[in-house]
Every structure is written in structure tokens, then in C-alpha cells.
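Report on the structure given below.
Each ligand, and each atom within it, is numbered from 1 in the order the structure gives.
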Amino acid sequence: MFILSEDSQRTQGRDAQSSNIMAGKAVAEAVRTTLGPRGMDKMLVDSGGEVVITNDGATILNEMDIEHPAAQMLVEVADSQEEEVGDGTTTAAVIAGNLLAEAEDLIEQDVHATTIVEGYHEAAEIALEAIAEQVSQDAVDDDVLKQVAESSMTGKGTGGLTAESLAETVVEAIRHVEDDEGVHRDNVTVHTQIGASSNATELVPGIVIDEEAAHDAMPKEVEDASIAVLDVELGVRTGDIDAEYAIDSIDQLNQAIDAEESEVRGYAETLAESGADVVFTTDDVDERISSFLAKEGVLVFDNVGSSDARQIVSATGANRVGALEDLEESDFGAADRVRSQNYGDDDLAFVEGGAAAEAVTVFVRGGTEHVVDELERAIGDALDVVSTALDSGEVVPGAGATEIAVADKIRSAAAGIEGRKQLAVTSFADALDVVPRTLATNTGQDPIDTLVDLRAAHEGGERAGLITDGETVTIDDPFEYGVVDPADVKREAIQSATEAATMIVRIDDVIAAE
Ligand code: ADP
Ligand code: MG
């Protein structure tokens, strides 16, 4: 009896398992070479010829246009990692891929999928305990936060700028948006602008928006600004003239023009007299009005985008006003400084020291679009990890040291686990070795020798990571070199990788509609 349509495709049993596992492994393989401080970049070209050059795991996997459903689940691992903690996407994908590779071996040895799943879950629990033991006892101060930022950026296309000074900017930004309730990560935005070297990257104490002043003669900068945010067209509404005057003589035409002039003048005077010295409106501003306001020293931005208007409102405390006659002084927002600046083809508005919110912007400069795009991703990751580390107050050693310690604890615990599940638990530990092993491969070291040396150092009671420091690669305590990762990044990577791998292993039937 046929219950499926003729066109649907069905794969069952071992075939289904091995095809899914292979797809998952392939995804992990694709990002493996980008891991760590000596990770390489990938150039991704889409069907329209658009080019992205990146080292970021989540970005690579999303740009790759992956179709296989099981492989897609690994992409989701990277996405959820990015979403939850902002970093560790390559780590998570690579661990997931290796959990699948180990599962394949177990299946070959006739270990049942449900046993593998149970063993993996049990091992993941032990891993979380082991991570807790690795957490640094020292307080997470600015120095540690800078190390966290720097560790997340090494190996990224940080241009001519040393990761060190970028790390400082990142920590300053996060400290700026921290209060008694915690870190308000959303109050930090990253704005990119090409045309200068990445050394010119700076922290702006406010917001930066793509808006242009309505008139060239307007002041470029206003201090202690009273800011009006309007949804008002400042001009004569089209249609007014036709509606109100049937023009059949010169007199009447002059009358109409006079009426229009006085309407325009009325708007301009109302605004100038309101006391606002900076005006943002989401609608058009008549050329005559803007030139009048320019003479009055008012800085006006017209056709402001709706989301920009919302940002201005939240930064300055202004009330958005929909009709000029409703505008009152109490509607004004305030800022220490508003300035309009030209960058070649682009004009930007800076609203600094807004009265209502502690918004800051990392103003990223770089020579080309590709440079600033990759910098934006690296800085975004760094902002995320610093805020994660500051929120939880927990950091662990990087450079593979945490993975070595976690794998060791899992192996010791495996001895006490009965039956075939023990094999699965041990395999989980082997899968975690992929992080130090890959760091070794990517830095030109022998992965087996490295693993042996790292384990020996760990057994001798030391923190043991494979540290890249300039040109040298050594096995030592990562804390001594400032190679630190937030504990939550490691937790999330292990949890999401376990989830995806166990989900894929459990599937023994793939039914695909045409
Ligand atoms: P992910 O997408 O997983 O964050 P990365 O390419 O950012 O991948 O690499 C992160 C790994 O690199 C972490 O394990 C981190 O501890 C390690 N790492 C960072 N800096 C160094 C360093 N100087 N030496 C060795 N390992 C480092
Ligand atoms: Mg990273």
C-alpha cells in the first residue's frame, strides 16, 4: 500500500542517519579553518555578485545558502549562539560537527541512537559543572573586560587598528550604558562610515544618523540644543492655491503669491520664535523656510526617517509633534551638542549628550566597505561578550584550556557510568578536543602533539591553553596572557551543539515532499 505521493522521497534507517550526519559534518568543516587568532577569512559571493569577506561563523553559514535540512540545523546552532551570547559561533558549529562524527562511529559499533542521546546529555551536564570550576576567581574589572574584548577580536579583520585600542573603545561603550539594573546593550549602536583609516574609529557619546541639514547656510553645530521633533510638512500644502483662488487676473495672482508667502513666513516665524534651535522633521521643508531659518541660526533636518526620529526622541526626551500649532516648549528635547558633518557622498547628524538616555555609538571608520563591514561584525561580537561577561561576572580561560579541562572531567566521570552509555560519554569528551585541535592546526602546530602536551600540563595542575602571542605559539596559562572568554559563551556553545547533534542523531526517517 502506498501512502505517500509518487514524487516524495524517502530515506530510512542507517541511510537517513548517515546522510544527515554527513551534512552536519560538512557544515562544521566549512567554518573550521576560521577558528581562533590565526583563523582565515572566507570570501562569499552571492548569485548577484555581491561579495562578503568574513571570519564570523554565523555570517558564513548564513551567506552559504545551505539547503540540506540537517545541515540547516547546524546553521541554527550558530544563529542561536549569536543571538544568545553574540560570540562562539564557530566553536559551537565545530563542536556540533564533531559530536556528529563521534556519533557516526558509535552507530558503527552498534550503540543505539537513544543511548548516544542519553550519554551526550549526561556528558553535557558534567561539562557545565566543569565550566563552573574553570571560572576565574578574580573580579571582572576593566582590565579583564578589555581582555575579553580583545580575545574575541583577535583574528578578525581589525584593519590597521590594534585590537587593543578597539577593545578599550568597546569597554568604554559598555561601561557607559551600565547602571544599577545591569548593562543596556541595546543602547550601544555601531555606525560605519568609509573613507578614513580604521584608526579613526571613535566612541561618540550619543547617536549618529544618516541625515542631512536642509540648507547649506545652516549652522554646522549647535551647543546646548533645544530640539523639536516634528511630523510636519513645512511648506505650502500642494493644492492650497487651486482650492482657494480662481486666478483670472494679475491682481489675484499677486494676492495668491502674497498669501503663500505669508503662510511660509508664518511657519518660519512660528518655528524661530518657538525657541527650538534644532529641528528634525519627517516631512519636507520648503526652500524659503529653510533659508529663513538658516538666517535665524536654526539647524533643520528634513525628511528624517521614522526610525531615526524614534532614536532622536529616545535620546533627547523630545515629544514628537504632528502639528506646528501644538508645539510647546515642553515638547523640546535637549542635547549637549548637535552637529551636521559631511563625509564625501554622505551627510551625518550627530546628537551628543542627549538628556534622556545614555546612548553611545561606536563610530567605525575604515578604508572600504568590506573593511568596515567586517569591523562592524568584530566590534558587535566584542560588545556582546563584554556585556555578557560584565552581566554574569564570569570568565574562563580561552585558547582551548577550558575545553581540555572539561573533556578531562567528563572522561573521569565516564568511568563510573554503566553500559554502552559510557562509550557515548567518552565520545562527547573526544568531540570537545576539536577546539584545541583546530586551534593547533590553524596555527601550524601538530594537533596530536599539541593535545598530548595540553593534557599533560592540565594533569600537572596547570591551566593549559595553546596561546598565540604575536608570532609565537606556546602552551601556557591563558589568564597570564589575557586570553579569556565569558563562561556563558562556552556554556551556550556546548548546550546548543548538544541539542542539534542529538536531534540529528535521533532521526531515522526522512520524508521529503517533491
Ligand atoms: P568563535 O566564532 O567560536 O568565537 P573565533 O574565531 O572567534 O571563533 O575563535 C575563538 C577561540 O579563539 C576561542 O576559543 C578563544 O579562546 C580563542 N583565542 C582568542 N584569542 C586567542 C589567543 N591569543 N591565543 C589562542 N587562542 C585564542
Ligand atoms: Mg569569536
Side-chain angles (χ1 to χ4, degrees), residues 28 30-42 54-62 74 77-82 84-97 131 134 136 146-158 162-164 167 170 374 377-386 388-389 395-406 432-445 450 454 463-494 496-497:
V31 291
R32 197 176 49 83
T33 58
T34 69
L35 185 79
R38 293 278 173 83
M40 302 296 281
D41 295 346
K42 293 207 182 280
T54 184
N55 178 289
D56 185 69
T59 308
I60 295 168
L61 295 178
N62 278 305
L74 253 67
V77 169
D79 283 346
S80 82
Q81 181 79 21
E82 178 78 40
E84 295 295 323
V85 287
D87 194 24
T89 54
T90 312
T91 304
V94 167
I95 292 177
I131 289 172
Q134 292 302 309
S136 164
K146 271 178 220 160
Q147 293 171 354
V148 168
E150 232 180 294
S151 300
S152 85
M153 285 186 292
T154 36
K156 310 284 177 246
T158 38
T162 57
E164 202 178 324
V170 164
E374 181 67 347
R377 284 187 285 268
I379 290 171
D381 281 4
L383 288 165
D384 288 338
V385 288
V386 169
T388 302
V395 296
V396 293
T402 295
E403 286 82 2
I404 286 287
V406 172
L432 290 183
D433 287 341
V434 72
V435 174
R437 239 176 31 220
T438 305
L439 287 174
T441 309
N442 291 353
T443 46
Q445 309 291 306
T450 302
L454 285 170
R463 281 186 211 100
L466 185 70
I467 293 136
T468 303
D469 186 22
E471 291 300 304
T472 56
V473 182
T474 39
I475 290 180
D476 211 332
D477 178 356
F479 283 158
E480 300 286 321
Y481 293 77
V483 180
V484 284
D485 295 320
D488 285 339
V489 169
K490 300 290 181 205
R491 292 192 181 104
E492 184 67 30
I494 287 182
S496 55

Subject >> Lys/Arg-Asp/Glu bridge criterion (N-O < 4.0 Å) met for K490, E403 >> reply: yes

Subject >> From I379 atom CD1 to M153 atom CE, the distance as rounded to the nearest 0.5 Å >> reply: 7.0 Å

Original post:
Around ligand 1, what residues show up once you keep those with a heavy atom under 4.0 Å from it?
Top reply: T34, L35, G36, P37, N55, D87, G88, T89, T90, T91, S151, T154, K156, G398, A399, L466, I467, T468, V483, D485, K490

Subject >> Residue pair P37 / L439: nearest heavy atoms and the distance that separates them >> reply: CD-CD2, 4.1 Å

Original post:
Regarding R377 and T54, is there a side-chain donor-to-acceptor distance under 3.5 Å anywhere?
Top reply: yes

Original post:
Taking all atoms of both residues into account, what is the closest heavy-atom pair of Q81 and S496, and its distance?
Top reply: OE1-OG, 3.6 Å

Original post:
How close do S152 and D87 get, heavy atom to heavy atom, and via which atoms?
Top reply: CB-OD2, 3.5 Å

Original post:
How far apart are the closest heavy atoms of E374 and N55, and which atoms are they?
Top reply: OE2-N, 2.9 Å

Original post:
Say you draw a straight line from OG1 of T89 to CG of L61; how long is it, rounded to the nearest 0.5 Å?
Top reply: 7.5 Å

Original post:
Could you give the distance from CD (Q445) to CG (L454), rounded to the nearest 0.5 Å?
Top reply: 10.0 Å

Original post:
Which protein N, O or S atoms lie under 2.8 Å from the Mg ion (ligand 2), given by chain and residue number?
Top reply: D87 OD1

